[in-house]
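Working notes, beginning with the structure itself.
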Amino acid sequence: MTPNWKIFRRPRFRSFSLLPTALAFVAILAAGLLLTACAPPAEAPGDASADSASQPATAEPVPEVTEAVRQAAETVTAEGMLEDVLVLSDDKLQGRGPGSEGDTAAQEYIAQRFEEAGLEPGAADGGWYQPFDIVGITSEAPETWTFETPEGPLAFDFWDEFIASSGVQEDTAAIDGAEVVFVGYGIRAPEHQWDDYGDADLTGKVLLMLNNDPDWDPELFEGDRRLYYGRWTYKYEIAAEVGAVGAIIIHTTPSAGYPFQVVQTSWTGPQYELPAGDEPRIQVAGWLTYDAAQELVTAAGNDLAALEESARSRDFQPVPLGVSTSLELTNTLERTQTGNVLGLAPGSDPELADEVVIFTAHHDHLGVGSPNADGDRIYNGARDNATGVAQIIAIAEAWKALPEAPKRSALFLAVGAEEQGLLGAKKYAQDPSFPPGRIAGNLNFDAGNIFGPTEDLPLVGFGKSNLDEVAVAAAELQQREVIGEIDPTLGSFYRSDQFALAKIGVPALYFGQGSRFREPGPNASKEAVEAWTDVHYHQPSDEVSDDWDPRGLVEDAQLGLFAGWMVAQRQQLPAWNPGDEFEAVRLEAVEAVTATEAAD
């Protein structure tokens with residue numbers, strides 16, 4: 001159904017009474033924040049995390065922002081962004097669940113706003129949309145999972161001791177008498193001279209592995225920063241690549257960063273994916289509690305602590321446990337369609353216009369779900385992530401307000417189904433409108449700052465690429481200090497849309513939530529940020545409220561404009577720092593473009 005845009009059209013604020021505090025900041029913003037944005041550069045950041053970062057991949061100077069760019073930044077307003085947030089998070093859009101009418105309405109609204117900003121349709125077919133299917137898989141597991149051990153059968157209880165999900169998009173997922181092999185951390189990382197698999201033939205095996213990645217040495221896997229190798233997604237993917245039929249991750253709260261309760265709730269119910277291709281897949285993706293894993297290994301005549309210790313060495317080799325297991329899951333499949341929205345601003349340089357800077361934000365949220373204490377069932381997703389969409393729209397308007405287009409092109413990409421596993425970003429990475437080797441960089445916006453301007457700028461993924469230099473230069477224009485991730489053990493870089501582009505080699509900037517507020521107060525404090533997460537994150541109460549301070553949204557959108565312009569003007573392509581996990585795929589992508597150009 002095509003939505004009635006007389007209903008969804010952007011409202012004027014005089015018709016709303018819900019934002020008196022937020023709107024009062026608009027006048028202050030014009031007088032204060034924009035002056036800060038145009039102030040002379042501050043001294044370089046002195047944060048300790050900056051000192052320990054890898055050396056940049058290039059020493060090319062970052063272009064200085066021009067007066068025209070500063071003036072374009074003034075078109076970014078709190079009022080404009082809040083209008084967009086209000087429309088996208090209105091109850092009429094029913095929480096923007098993928099495949100819903102509200103999802104369609106959100107996409108059409110964003111396309112309209114891109115067109116109003118002066119963008120051109122950016123999809124490969126010449127339109128505004130990149131539609132794609134998603135498949136929901138709901139698995140029903142048996143009450144127990146039995147393992148045949150030297151001491152006899154050993155069964156674990158579903159929910160309390162194990163969780164299992166299907167790795168295939170079929171009616172059943174099955175393991176039939178497969179041998180269980182302990183594979184340490186389950187990591188194969190040539191740049192770290194680390195291979196837990198070696199030459200072992202693991203075809204048809206069930207792999208038992210530790211969570212996270214090696215974190216005891218700052219020179220190994222970047223110490224306590226969780227890399228992709230420590231994420232469950234990687235572990236299941238590499239298990240499939242080596243031919244395993246199943247994989248079981250041993251859960252501990254410290255290694256996961258969350259209790260087993262999160263596994264229970266996140267891995268039951270519909271699990272969404274892009275339609276399966278010809279990629280290798282395991283049949284079953286499982287989790288065991290630490291106590292259950294210890295009991296299993298003990299019954300196999302081994303000691304889990306000793307196996308863990310052996311896994312801390314580059315010399316580790318897979319350990320067959322002398323245990324076998326079978327399991328069958330019954331699956332219910334459902335298919336629906338959502339889409340990405342793409343708006344393009346062509347570049348001005350004859351050579352660099354074929355390269356692109358991509359601004360991303362996800363437009364989806366959780367739709368209609370369980371009611372809260374007030375009976376509200378609509379998960380509006382105002383902060384997460386109507387704010388990010390509003391920010392890239394504002395940046396697009398400022399970009400097109402420039403008297404001369406930047407050298408490189410800019411793609412404004414509102415992706416769908418992020419909450420279901422970054423699926424829209426994955427779809428774009430599978431079928432990009434520009435070759436990966438011509439995508440200069442990505443700036444991702446997710447859950448904008450609604451608490452007020454800050455002096456600090458946490459950079460998720462700090463130290464991974466020479467885009468750090470761009471972030472520092474842009475932040476200096478606002479007299480802000482770039483710092484590293486607040487909690488690098490969470491692996492936040494791999495949990496938002498920029499990760500899908502990083503996997504095809506694209507360096508990315510993803511700004512975090514600062515905590516050193518310029519005007520501290522009850523709603524502008526570290527405690528307020530934490531309280532919002534505890535109370536409103538992924539809840540029906542994620543709605544626009546009168547305690548929002550939209551100046552933080554403005555500050556970060558202007559920052560994105562400055563940083564994106566610098567990337568668009570810089571002669572050399574951004575690069576991952578030497579030894580980074582994505583460096584090799586970036587070099588391959590750039591070489592592929594070079595080879596294509598040579599062939600032409």
Side-chain angles (χ1 to χ4, degrees), residues 62-63 65 69 72-73 76 81 114 117 119 122 340-345 347 355-363 385 387-400 402 406-415 418 422 424-425 428-429 432 434 436 438-449 457-462 464-475 477-478 480 482 492-493 496-502 504-513 552-570 573-576 582:
V62 177
V65 165
V69 179
V76 177
M81 283 190 286
F114 281 173
L119 301 179
N340 300 328
V341 188
L342 300 84
L344 181 68
E355 298 175 356
V356 68
V357 182
I358 299 182
F359 296 87
T360 51
H362 73 88
H363 64 70
N385 183 38
T387 57
V389 175
Q391 285 177 308
I392 68 169
I393 291 171
I395 294 170
E397 291 175 326
W399 198 272
K400 292 300 294 183
L402 291 168
K407 293 180 180 179
R408 287 188 174 91
S409 298
L411 181 68
F412 296 86
L413 175 61
V415 294
E418 186 268 357
L422 317 182
Y428 182 82
F434 286 78
R438 286 201 174 108
I439 302 176
N442 170 223
L443 286 81
N444 186 47
F445 293 82
D446 195 349
N449 174 9
L457 178 66
L459 188 59
V460 178
F462 186 81
K464 295 183 68 62
S465 79
N466 65 356
L467 284 180
D468 291 352
E469 303 166 5
V470 170
V472 169
L477 295 172
Q478 298 179 326
R480 300 172 75 184
V482 172
S492 298
F493 186 84
S496 195
D497 291 308
Q498 75 285 332
F499 171 54
L501 294 177
I504 61 171
V506 181
L509 289 177
Y510 177 29
F511 307 127
Q513 171 64 53
L553 296 175
V554 172
E555 186 175 53
D556 286 348
Q558 291 175 331
L559 182 82
L561 172 67
F562 296 148
W565 182 87
M566 292 172 182
V567 175
Q569 296 297 100
R570 208 174 192 182
L573 280 172
W576 299 100
F582 301 115

TODO: Kindly indicate whether the side chain of Asp556, heavy atoms from C-beta on, has any atom under 4.5 Å from the side chain of Arg480.
DONE: yes
Open item on the list: How close do Gly347 and Ser409 get, counting heavy atoms only, and between which atoms?
Closed with: N-OG, 2.8 Å
Task: Interatomic spacing from CG in Asn442 to OH in Tyr428 - rounded to 0.5 Å - done: 10.0 Å
- [ ] Starting at CG of Leu413, measure out to CG of Leu344 and round the result to the nearest 0.5 Å.
- [x] 11.5 Å
Open item on the list: Whether the side chain of Gln498 engages the backbone of Leu509 through a donor-acceptor N/O pair (distance < 3.5 Å, no angle test) should be reported.
Closed with: no
TODO: Grab the two heavy atoms, one from Gly448 and one from Gln391, that are nearest each other, plus how far apart they are.
DONE: CA-OE1, 4.1 Å
Open item on the list: Between Trp565 and Pro63, is there a side-chain heavy-atom distance shorter than 4.5 Å?
Closed with: yes
Task: Side chains of Leu459 and Asp468 in contact at under 4.5 Å (non-hydrogen atoms) - done: yes
TODO: Check whether any side-chain heavy atom of Phe434 lies under 4.5 Å from a side-chain heavy atom of Val506, and answer yes or no.
DONE: no
Task: Straight-line distance of Ile395 CD1 to Leu561 CG, nearest 0.5 Å - done: 6.5 Å
- [ ] Check whether any side-chain heavy atom of Met566 lies under 4.5 Å from a side-chain heavy atom of Val69, and answer yes or no.
- [x] no
- [ ] Determine, stepwise, if the pair Phe412 / Leu342 fulfils side-chain contact (heavy atoms from CB on, under 4.5 Å).
- [x] CA-CA 6 Å; Phe412 296 86; Leu342 300 84; over 6 Å; no
TODO: Side-chain contact test, heavy atoms from C-beta onward, threshold under 4.5 Å: evaluate it for Met81 versus Ile393 and give yes or no.
DONE: no
- [ ] Please report the shortest heavy-atom distance between Val567 and Arg408, naming the atom on each side.
- [x] O-NH1, 2.7 Å
- [ ] Could you tell me how the ring of Phe359 sits relative to the ring of Phe445: parallel (under 30°), tilted (30 to 60°) or perpendicular (over 60°)?
- [x] parallel
Task: Closest approach of Gln558 to Ala73 (non-hydrogen atoms, all atoms of both residues) - done: NE2-O, 3.1 Å
TODO: Decide side-chain contact (heavy atoms from CB on, under 4.5 Å) for Glu418 and Asn385; before the verdict, give the C-alpha distance in whole Å, the side-chain angles of both, and the deciding distance to 0.1 Å.
DONE: CA-CA 10 Å; Glu418 186 268 357; Asn385 183 38; over 6 Å; no
Open item on the list: Could you report the tightest heavy-atom contact between Leu573 and Ala440, atom names first, then the distance?
Closed with: CD2-CA, 3.6 Å
Task: Side-chain donor-acceptor contact under 3.5 Å, Ser496 with Asn444 - done: yes
- [ ] To the nearest 0.5 angstrom, please state how far the CD atom of Glu355 sits from the NZ atom of Lys407.
- [x] 11.5 Å
- [ ] To the nearest 0.5 angstrom, please state how far the CG atom of Leu443 sits from the CG atom of Leu467.
- [x] 7.5 Å
Open item on the list: Within the structure provided, determine whether Arg438 and Val356 are in side-chain contact (heavy-atom separation under 4.5 Å).
Closed with: no
TODO: Could you pull out the closest heavy-atom pair between Leu119 and Ala396, with the gap in Å?
DONE: CD1-CB, 3.8 Å
Open item on the list: Using 0.5 Å steps for rounding, measure from the CZ atom of Phe562 to the CG atom of Leu477.
Closed with: 5.5 Å
Task: Ile392 side chain near Trp399 side chain, heavy-atom distance below 4.5 Å - done: no
